[in-house]
Visitor: 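Pasting a structure here, questions to come.
No hydrogens, no waters, no symmetry mates; every other heavy atom, side chains included, goes into these values. Whatever order the structure lists them in is the order used to number ligands and atoms, beginning at 1.
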Amino acid sequence: MDERLLPIWRHVIARNPGEPEFHQAVREVLETIGPVLSKRPEFARQKIIERICEPERQIIFRVPWEDDSGEVQINRGFRVEFNSALGPYKGGLRFHPSVNLSIIKFLGFEQIFKNALTGLPIGGAKGGADFDPKGRSDREIMRFCQSFMIELYRHIGEYTDVPAGDIGVGSREIGYLFGQYKRLTNRYESGVLTGKGLSYGGALVRKEATGYGLVFFLREMLKARGESLKRKTCVVSGSGNVAIYAIEKAQQLGAQVVACSDSGGYVYDPDGIDMAALKEIKEVQRKRISEYAKLRPKAKYHPGGNIWEVPCQIALPCATQNELNARDAATLIKNGCIAVAEGANMPTTPEAVRTLMAARIAFGPGKAANAGGVATSALEMQQNACRDAWSFEFTEQRLAAIMENIHRQVHQTSEEYGASGDYVTGANIAAFIKVAEPMVAMGLI
Ligand code: NDP
């Protein structure tokens with residue numbers, strides 16, 4: 001790390017004790033942006049980095065609700081509004097028992113840079129709750145979402161803060177949240193949430209956007225090395241929203257995806273993952289990935305298995321943070337992997353990133369590679385603002401163009417700063433400059 005940034009780093013640790021995921025996300029950015037300070041000394045003078053590391057606002061609240069047996073349950077809700085230099089705060093809500101302030105802050109911090117890379121006018125935020133939706137009935141999910149919104153509604157709005165989905169929050173939850181917001185405010189404010197159902201202001205391609213966008217970005221990374229997705233063996237971790245549509249697009253572009261997972265284990269299907277079976281199990285029945293092997297005779301379920309041991313040329317971690325460690329990276333390299341692109345946020349540990357990059361594997365960091373979801377959310381906001389609805393083809397073309405543009409910017413920036421092909425450095429520097437410039441222009445905010 002540049003020695004000018006060390007005191008900032010130490011201050012972040014001292015000021016935010018017990019938040020390892022947040023520290024990790026900040027460190028990853030600070031380790032790469034040193035060279036910008038030499039070219040743009042005004043950023044140091046104006047203490048832009050110190051300001052970016054401090055959220056503009058953090059909200060923590062109680063979420064009481066009643067389960068189906070009449071028992072009172074209490075969860076903790078969060079919304080961290082990190083940076084609004086580029087536009088209203090924007091970022092998803094995560095419902096998962098592991099959610100805590102550190103996780104929400106790491107996600108919110110990453111979101112600032114990711115959103116900047118899209119080139120669209122959106123600031124960065126993240127939120128959620130330590131609520132576990134697994135095994136809960138629809139009525140329980142609805143009651144939880146309604147109680148969550150009773151506090152959240154006063155902090156959000158189409159010009160203020162626009163949440164969306166993330167782990168555990170899909171269109172069902174967004175529907176309950178939107179309904180409660182509408183009821184509390186007496187306003188049909190479509191642009192207050194994204195990821196809505198198509199029948200009430202949602203946008204085509206939003207559901208597919210993160211996974212599709214990831215594969216569009218991957219296609220550009222491979223193209224830059226004279227490669228393509230055709231006939232490549234691919235492994236995708238997770239089997240949620242991002243994973244399902246990454247698998248779909250990778251297969252459409254000629255790759256063969258042979259494995260995917262959930263937190264219980266992974267399935268290996270030598271014939272390639274069958275999309276109809278996967279969607280039926282995960283989207284319709286909401287069951288475990290182990291069910292997949294029951295529908296496909298050649299598929300095998302590996303309970304508790306490590307998906308990164310499946311030989312592949314392309315690995316797409318699409319489940320959760322720190323799911324791919326240095327040992328996994330070494331296994332991937334040994335098995336002939338040529339590219340890793342992050343569909344999830346920070347799924348690759350710092351040691352694993354270093355291992356992959358040292359082996360000259362093409363590595364696409366989540367900030368750039370999974371920005372297609374939030375970019376399409378911004379397109380949903382555009383459609384809501386002009387009461388319009390675009391076709392699937394048109395929206396997908398825009399998504400593809402945005403991902404190509406992100407790749408171009410990141411690649412060019414890596415070259416400009418003497419780190420050609422290092423997408424981590426390219427993404428962090430390109431995004432940092434985009435946020436720093438308006439912060440300087442707006443004075444002390
Ligand atoms: P979903 O809830 O739809 O799916 C998450 C998947 O990851 C599930 O298969 C889940 O398995 C698995 N998973 C979650 N936590 C763990 C864990 N601790 N260990 C192992 N597996 C786990 O979430 P999304 O697909 O929306 O999100 C996946 C990742 O992508 C997250 O990092 C998210 O922040 C990121 N992302 C999402 C975007 C979006 O548009 N949805 C946009 C950009 C990034 P199980 O069901 O067993 O828990």
Visitor: Does this structure show an ion pair linking D274 with K279, if we count only N-O contacts that are shorter than 4.0 Å?
Guide: no

Visitor: Say whether, by atom type as modelled, one donor and one acceptor occur between the side chain of D67 and the main chain of E71 under 3.5 angstrom.
Guide: yes

Visitor: Answer yes or no: does an N/O atom from K114 fall short of 3.5 Å to an N/O atom of ligand 1?
Guide: no

Visitor: May I ask you to identify the nearest protein heavy atom to atom 32 (O) of ligand 1, giving residue, atom name and distance to one decimal place in Å?
Guide: N345 N, 3.1 Å

Visitor: Tell me: protein heavy atom nearest atom 39 (C) of ligand 1, and distance?
Guide: T210 OG1, 3.4 Å

Visitor: Under 4.0 Å from a heavy atom of G238: give me the atoms of ligand 1 that qualify, with their elements.
Guide: 9 (O)

Visitor: Decide yes or no on side-chain contact (heavy atoms from CB on, under 4.5 Å) for K282 and D262, but give the supporting numbers first.
Guide: CA-CA 10 Å; K282 283 295 175 180; D262 61 20; 3.2 Å; yes

Visitor: For the rings on F148 and F95, is their centre-to-centre separation under 6.0 Å?
Guide: yes

Visitor: Step through the shown structure and confirm whether more than 12 heavy atoms of other residues, nucleotides or ligands are within 6.0 Å of CZ on R51.
Guide: yes

Visitor: S263 to ligand 1: N or O pair under 3.5 Å?
Guide: yes

Visitor: Atom OG1 in T185, atom CZ in R154: separation rounded to 0.5 Å?
Guide: 12.0 Å

Visitor: Examine K300 relative to Y268 and say whether NZ or CZ is less than 6.0 Å from the centre of the six-membered ring and inside a 45° cone about the ring axis.
Guide: no

Visitor: Is G168 in polar range of ligand 1, meaning some N or O pair under 3.5 Å apart?
Guide: yes

Visitor: Examine the proximity of ligand 1 to R206 and report which part, side chain or backbone, both or neither, has a heavy atom under 4.0 Å away.
Guide: side chain

Visitor: Please could you name the atoms of ligand 1 that G343 approaches to less than 4.0 Å, counting only its heavy atoms?
Guide: 30 (O), 35 (C), 36 (N), 44 (C)

Visitor: Identify, for atom 17 (C) of ligand 1, the protein heavy atom at the shortest distance, and state residue, atom and that distance.
Guide: T320 CG2, 3.4 Å

Visitor: Quick check on the 6.0 Å ring-centre criterion: do F178 and Y200 meet it?
Guide: yes

Visitor: Indicate yes or no for a side-chain donor-acceptor contact from K294 to the backbone of S290 under 3.5 Å, with no hydrogens or angles considered.
Guide: no

Visitor: Please could you name the atoms of ligand 1 that K134 approaches to less than 4.0 Å, counting only its heavy atoms?
Guide: 45 (P), 46 (O), 47 (O), 48 (O)

Visitor: Mark up the atoms of ligand 1 that fall under 4.0 Å of a heavy atom belonging to C318, in ascending order.
Guide: 28 (C), 29 (C)

Visitor: Are any side-chain N or O atoms of E323 and backbone N or O atoms of T320, one a donor and one an acceptor, separated by less than 3.5 Å?
Guide: yes

Visitor: Centroid separation under 6.0 Å, is that true for the rings of F131 and W65?
Guide: yes

Visitor: Regarding atom 34 (O) of ligand 1: of the candidates D166, N322, I307, T376, which has the closest heavy atom?
Guide: D166

Visitor: Is the backbone N or O of A164 less than 3.5 Å from a side-chain atom of T194, with the two atoms forming a donor-acceptor pair by type?
Guide: no

Visitor: Who's the nearest protein heavy-atom neighbour of atom 12 (C) of ligand 1, and how far?
Guide: A319 CB, 3.8 Å

Visitor: Contact between E323 and ligand 1, counting heavy atoms under 4.0 Å?
Guide: no

Visitor: Nearest non-hydrogen contact with atom 6 (C) of ligand 1 belongs to which option: G240, P317, G372?
Guide: G240

Visitor: Could you tell me whether some N/O pair between N370 and ligand 1 is separated by less than 3.5 angstrom?
Guide: no

Visitor: Can the ring centroids of Y423 and H407 be said to lie less than 6.0 angstrom from one another?
Guide: yes

Visitor: Relative to the heavy atoms of R94, which atoms of ligand 1 are at a distance of less than 4.0 Å?
Guide: 31 (C), 32 (O), 33 (C), 34 (O)

Visitor: Hey, is atom 28 (C) of ligand 1 touched by any protein heavy atom at less than 4.0 Å?
Guide: yes

Visitor: For atom 46 (O) of ligand 1, find the nearest protein heavy atom and state the residue, atom name and distance (0.1 Å precision).
Guide: R288 NH1, 3.4 Å

Visitor: Could you tell me which atoms of ligand 1, counted from 1 in the order shown, lie closer than 4.0 angstrom to a heavy atom of S239?
Guide: 9 (O)

Visitor: Using a strict cut-off of 4.0 Å, indicate which atoms of ligand 1 neighbour a heavy atom of H96.
Guide: 15 (N)

Visitor: When you check the gap from the basic side-chain N to the acidic O, do K249 and E396 get nearer than 4.0 Å?
Guide: yes

Visitor: Does N241 reach ligand 1 with a nitrogen or oxygen that is under 3.5 Å from one of the ligand's nitrogen or oxygen atoms?
Guide: yes

Visitor: For ligand 1, which is the ligand I care about here, please tell me if Q321 has any N or O atom under 3.5 Å from one of the ligand's N or O atoms.
Guide: no

Visitor: Would you say K282 and ligand 1 have an N/O pair spaced under 3.5 Å apart?
Guide: no

Visitor: I'd like the name of whichever of V374, V242, I289 reaches closest to atom 37 (C) of ligand 1 through any heavy atom.
Guide: V242

Visitor: Just do the side-chain hydrogen bond (donor to acceptor under 3.5 Å, both in side chains) check on Y212 and E248 with the steps written out, would you?
Guide: CA-CA 8 Å; Y212 278 22; E248 181 165 278; 2.5 Å; yes

